[in-house]
Structure formats: C-alpha cells, structure tokens
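We name chains A, B, ... by the order of the sequence lines, and we start the count at 1 in each one. All values derive from a computational prediction rather than experimental measurement.
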Protein chains: 2
Amino acid sequence: MASSKPKHVEKSYLIRELAEEFNVTTRTLRFYEEKGLLKPSRIGATRVYSAADRTRLKLILRGKRLGLSLDESAEIILMYDPVGTNSKQILTLIDAIQDKRLQLEKQKQDLEQTLEDLQRAEQRCVESLKHIH
Amino acid sequence: MASSKPKHVEKSYLIRELAEEFNVTTRTLRFYEEKGLLKPSRIGATRVYSAADRTRLKLILRGKRLGLSLDESAEIILMYDPVGTNSKQILTLIDAIQDKRLQLEKQKQDLEQTLEDLQRAEQRCVESLKHIH
DNA sequence: CCACAAGTTGACGTTAACGTAAACGTAATT
DNA sequence: AATTACGTTTACGTTAACGTCAACTTGTGG
C-alpha cells in the first residue's frame with residue numbers, strides 16, 4: 001500500500017458548480033468575494049470553494065430571502081464562527097446575537113401578521129365568489 | 001341645534017404628521033405617492049392623508065421590514081382591496097394571494113431556521129465563557 | 001407688510017447589488 | 001492551428017429607494 005489514506009477528503013467546488021447549484025451567476029460569487037463574504041482558495045488563478053464556502057453561501061442566500069443586506073448576512077455569519085477568544089469579545093458577541101434575534105423576532109411577528117391578513121383577504125375573495133354564484 | 005352632526009369624522013393627516021409618526025421623511029411619502037402607493041387628497045396644493053392612506057403606509061412599512069420591495073407591497077395592498085368584481089378577476093386574485101402566502105411561508109421557515117442557528121450560536125458563546133471561567 | 005415656517009415641484013446625487021461587455025489566459029477537442 | 005469552453009480581471013451600466021438641493025408658493029404671527 002504505497003498510497004496514503006485520506007480519511008475525509010473535503011468536497012470542493014468550482015465557481016460554475018456552486019453557481020448552478022444555488023442558481024446565482026458566477027459574477028455574483030465573485031462579487032461576494034470582493035465583499036469578503038467568501039474566501040475561495042486558488043489553484044493557479046481558478047477559484048476553489050470549500051464546503052465551508054458553500055455553507056456560507058447558503059447562509060448569505062437565506063439572508064437575502066429574509067430581506068437582509070449582504071452586510072447583515074456577513075454579521076450573522078461572523079456570529080457563527082468563533083472569532084474572538086477572550087471574555088470581553090464573547091460578551092460583545094452575545095449582545096450582538098441577542099440584538100439580531102430581537103430584530104428577527106420582530107420580523108417574524110410582521111410576517112405572521114401579514115400571513116393572517118392574506119388569509120382573511122383570501123377568505124373574503126372566496127365569500128364574494130359564493131355570492132356571485 | 002343649527003349644526004349638522006357628523007357621525008364619524010375620518011381622521012386626516014398632514015404630511016409632516018404621518019412622517020413623524022412613522023419615522024420617515026416627507027420626501028419618502030411623496031416618493032410613495034409618485035409610485036402610486038399613496039393617494040392623498042389635496043387642499044389647494046397641500047396633501048391631506050386619509051385613514052386609509054395611513055393604513056396603506058403601515059402596510060408598506062411592514063412590507064419593508066419583511067424585505068419586500070415597494071412593488072411587492074403594492075401588490076399585497078391591492079390584494080386587500082376588492083379590485084375586480086367578476087369571477088375571473090377574483091380567481092386570479094386568489095391565485096396571487098396563494099402565491100404570496102407560499103412565498104411568505106417559505107420565508108418564515110428561513111426565519112425560524114436562522115433563529116435556531118442564532119440560539120445555538122449564543123449557547124456556544126455561553127459555554128465557552130464557562131470554560132474560560 | 002414682511003419675515004418665517006412649512007408646503008410644493010423638479011432635477012440631480014447616492015448606495016447596494018449585481019449585469020454586461022471587453023480583453024485576455026488556459027486546457028481540451030477537432 | 002483553430003475552435004470551443006471555461007476561467008480571469010477591469011471597468012462601466014443599471015435599478016430601486018430614497019437624499020439633497022434649488023427655487024417657488026402659501027399661510028400665520030409680529
């Protein structure tokens with residue numbers, strides 16, 4: 001057995017692969033990189049995205065669906081990583097996390113309210129259909 | 001009793017009042033009007049906003065907090081009003097409402113997922129604080 | 001009457017989040 | 001060698017959602 005045994009080869013992706021999987025353009029991925037949201041490694045000049053990059057992209061896109069800006073998503077992503085190691089930094093981070101959670105809770109209430117409104121609107125439509133007969 | 005008795009005088013608002021109440025600029029209110037989202041009446045040249053305008057503004061802003069574009073909010077607002085009166089229009093509207101509801105349900109799931117993630121992140125922070133002691 | 005506040009309509013500036021195009025390198029296929 | 005299919009960087013264009021003037025009119029108190 002001359003070859004070494006890599007226990008767990010991390011999956012990596014080319015820009016085109018990620019782009020297609022998540023239905024974004026390659027331009028978008030490069031743009032996210034410019035903004036510091038993704039840090040693919042390189043083979044020569046070609047970008048190679050790690051599983052971590054993929055996850056972060058997922059988070060960015062989820063953020064977008066929530067109406068967050070890229071900067072906001074960036075903040076959240078930083079919250080997931082253990083960035084600071086001393087107590088003060090961690091306390092600051094906890095604060096930031098709680099802030100974001102409050103904001104999202106508020107958003108959730110707006111969302112639920114809107115859903116209720118839409119349900120009532122639909123109900124009224126159905127009713128008015130009945131009366132037209 | 002010479003004076004007539006108005007049973008229910010609808011409240012009306014000046015641009016400044018609405019702006020302050022909702023913490024937007026007057027420029028914003030005029031902008032929404034340009035886009036057809038608000039239709040204040042006029043006394044001379046001065047805009048006078050009705051209670052209905054106020055409600056619509058509320059909906060627009062709630063939409064914004066959800067990350068909706070103005071156009072999307074406009075759509076939703078139209079859904080609340082009974083715009084079309086014949087069966088076909090109503091059926092079309094019901095479809096649109098259901099579409100929007102599906103979209104928002106999806107968004108709600110993203111939101112709940114993110115909230116869970118943040119909760120775990122916070123938990124990890126607290127843990128690492130314990131270990132630092 | 002006159003200042004001053006608050007209203008109005010343009011018209012141009014700004015930021016975010018990409019799109020689009022030019023001009024080029026590289027690797028495999030024909 | 002030439003075409004095709006990717007990749008790269010650099011740079012300018014675009015849309016949404018306002019901000020920021022400038023230049024005006026209108027209403028009110030001193």
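- Dashed line: the shortest gap from a side-chain N or O of A:T28 to OP1 or OP2 of C:dA17 is not under 4.0 Å.
- Remark: B:T25 is in phosphate contact with D:dG19, judged by side-chain N or O atoms under 4.0 Å from OP1 or OP2.
- Atom P of nucleotide D:dA17 and atom CG of B:L29 are separated by 15 Å, given to the nearest angstrom.
- Side-chain nitrogen and oxygen atoms of B:Y32 include none within less than 4.0 Å of the OP1 or OP2 phosphate oxygen of D:dA17.
- Rounded to an integer number of Å, the gap from CG of B:L38 to P of D:dA17 is 14 Å.
- In this structure, CD1 of A:I43 is placed 18 Å from P of D:dC6, rounded to the nearest angstrom.
- Of the listed nucleotides (D:dG19, D:dA17, C:dA17), D:dA17 has the atom at the smallest distance from the side chain of B:K64.
- Relative to the side chain of B:R30, the nucleotides D:dA17, C:dC18, C:dT8 differ in distance, and C:dT8 lies closest.
- A:R16 comes within 4.0 angstrom of sugar-phosphate atoms only, judged by non-hydrogen atoms across all strands, and of no base.
- Shown here is A:I132, whose CD1 atom has more than 12 heavy atoms of other residues, nucleotides or ligands within 6.0 Å.
- Between B:R124 and B:E127 there is no salt bridge, since no side-chain N of the basic residue sits under 4.0 Å from a carboxylate O of the acidic one.
- The only option from A:E112, A:E116, A:E122 that meets the salt bridge (charged side-chain N to carboxylate O under 4.0 Å, His left out) definition with B:R101 turns out to be A:E122.
- Of the charged side-chain nitrogens involved, none lies within less than 4.0 Å of a carboxylate oxygen, so that B:K11 and B:E21 do not count as a salt-bridged pair.
- A:L14 places its CG atom 7 Å from the P atom of D:dG7, with the value rounded to the nearest Å.
- Among the heavy atoms of the strands, none lies under 4.0 Å from B:T26.
- At a threshold of 4.0 angstrom between heavy atoms, the contacts of A:L70 are confined to the sugar-phosphate backbone, with no base atom among them.
- You'll find that the side chain of A:I15 is closest to D:dT8, out of D:dT8, D:dA17, D:dG19.
- Put simply, CG on B:N23 is 15 Å from C1' on D:dC18, counting in whole angstrom units.
- Counting only heavy atoms from C-beta on, A:S69 has its side chain closest to C:dA17 among D:dT8, D:dA17, C:dA17.
- To the nearest angstrom, C1' of C:dT8 lies 11 Å from OH of B:Y49.
- The closest side-chain heavy-atom distance from A:I15 to A:R30 is below 4.5 Å.
- If you take CZ of B:F31 and P of C:dT14, they are 17 Å apart, rounded to a whole angstrom.
- Map B:R27 and A:T46 each onto its nearest nucleotide of DNA chain D; the residue landing nearer the 5' end is A:T46.
- At whole-Å resolution of the value, CD in B:E33 and C1' in D:dA17 are 16 Å apart.
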